[in-house]
Amino acid sequence: MNDGPGATADVELLLRTEAPQVLGALTRRFGRFDIAEDAVQEALLTASRTWPVDGVPDEPRSWLIRIAHRRMVDLLRSEQARHRREQKAGMAELILREPTRQAAPARETDDGLILLLLCCHPVLSPDSQVALTLRAVAGLTTAEIAHAHGTTEATMATRISRAKRRLADAGARFTLPTDTDQASRMSAVMRVLYLVFNEGYTASAGDELARTRLTSEAIRLTRMLVDAVPDDAEATGLLALMLLTESRRPARTGDDGALIPLDRQDRSRWNRDLIREGTRLIDGVWHRREPGPYRLQAAIAALHAAATTPEATDWPQIAMLYLWLERLAPTAPVRLARVVAVARAYGPVRGLALLDDLNRRHALDQDPLTHRRERAVRAHLAHATGDTAAARTLYREAAALTDNRVERRYLLDEADRLTPRTDRPSPGDARDAPAISKGTSHLPPETSE
């Protein structure tokens, strides 16, 4: 043991780092991801209680594997006693008869990548993929995942349990997919990691604008992904995008916790280390074949990071990149982001004309991913053209559609700034009213600030 008790924060970070490797080792040996995940969670819980007091073992991963292995054997014995299913029990019987048999060690990056791919298996819904990744790979508790999704712990526990059963029923194995499947599975992994990051960067509900635990986990897992597949330019682009976006977090809120939009942020507070790393990453992979959606978004983020003042931002270049991105990923959030860029580059009248055209053709104002932010963007553009009455109404409509109190406060403050003093609501009339529909946070970050 190391001398002295370990700091709780250091222990938690170590456990999150080791969890996927321990889970990978058990799943590789026993072939049962569903049960191995439960055994690893219990080992992590034991470590979180004892290591801060007794100190971290010299070989923490071996310690965790040993504890999880014991629990795994207990769980398998219980399952055998209950079900007596010979086909599934065969492997367990072999392990129980030879408890000292050692599996060949595998590379860490292989286990981490295989575990991510398993959690993002195509038989699972996107919500289940995110939840299982956060539980099995990121090491978050069920309660933490439930809080991040704005649901109850019991509901999330059921979702995770069903996801594990679906993997078992589908015969999902702890192996790398075939070459024909790996590209689509990698795409699913990156989508899940980006969803986790976005939910952390702008929480869809709650009293805080961001959940830094989720953004830090998304970045950590994406680093692991890049280490596993260093030649995947889109994975590197995703990491660059996260780092460049996260660099702005210190300036996104004021001392009172209020939201500060991008063009009002104190750029001296941006994290220059993250900007340098993210810019270096995207510069290194930008010319590798045709850029994909994550590299395009990282390039946009790099242009924002390079601007020392809002006026120095190269909005025409950003508008062009969003048009390119829309052709690759023709989604409502990307289209709305292009509206913002066009309005910044060429004026609010042109931005409103584009927004009206996109609404006619693609109904951004009805799409669940953009209906709230469409109101906010339209409000900003209406104000910029001098239509303060329409802007005031639209800001309040947007505020009513979000469950995030920080965003709601910002939108109502914008409406109040445009309201004559005699017409302003008394404090508390609207700010504490419940939202009528849950918002989303899947827009590119530049349009969510």
Report task. Take R409 and D256 through the salt bridge (Lys or Arg N to Asp or Glu O under 4.0 Å) test and state the conclusion after the steps. Result -> CA-CA 11 Å; R409 175 185 171 189; D256 59 353; 2.8 Å; yes

Requested in this report: List the steps, then state whether salt bridge (Lys or Arg N to Asp or Glu O under 4.0 Å) holds for E290 with R295.
Outcome: CA-CA 10 Å; E290 192 80 1; R295 275 185 285 171; over 6 Å; no

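Within the 4.5 Å cutoff, side-chain heavy atoms of M224 are placed close to those of L221.
With hydrogens and angles left out, the side-chain atoms of S128 and R159 include no donor and acceptor closer than 3.5 Å. With no hydrogens or angles considered, a side-chain donor-acceptor pair links T152 and T155 at under 3.5 Å. Side-chain contact check for R66 and S62: no donor-acceptor pair (N or O, by modelled atom type) lies under 3.5 Å.
A side-chain contact (heavy atoms from CB on, under 4.5 Å) with L244 is found for exactly one of L274, N271, T279, namely T279. Of the residues listed (I260, L259, N404), the one engaging Y410 in a side-chain contact (heavy atoms from CB on, under 4.5 Å) is L259, and it is the only one.
A salt bridge is defined here as a Lys NZ or Arg NE, NH1 or NH2 lying under 4.0 Å from an Asp or Glu carboxylate O, and E234 with R288 fails to meet this definition. One finds no salt bridge joining R372 and E397 here, because no Lys/Arg side-chain nitrogen approaches an Asp/Glu carboxylate oxygen to under 4.0 Å. Using a cutoff of 4.0 Å between basic side-chain nitrogens and carboxylate oxygens, D273 and R276 are scored as salt-bridged. Taking 4.0 Å as the cut-off between side-chain N and carboxylate O, D38 and K164 count as a salt-bridged pair. Salt-bridge annotation for R396 and E414: absent, with no side-chain N of the basic residue lying under 4.0 Å from a carboxylate O of the acidic one.
Across every non-hydrogen atom of D231 and R289, the tightest pair is O-NH2, 4.4 Å.
When atom types are taken as modelled, the side chain of T313 and the backbone of P310 share a donor-acceptor pair closer than 3.5 angstrom. A donor-acceptor pair is defined here as one N or O able to donate and one able to accept, closer than 3.5 Å; such a pair exists between the side chain of T370 and the backbone of L364.
A cation-pi arrangement is absent between R335 and Y322, since the terminal nitrogen or guanidinium carbon is not both under 6.0 Å from the aromatic centre and inside a 45° cone about the axis.
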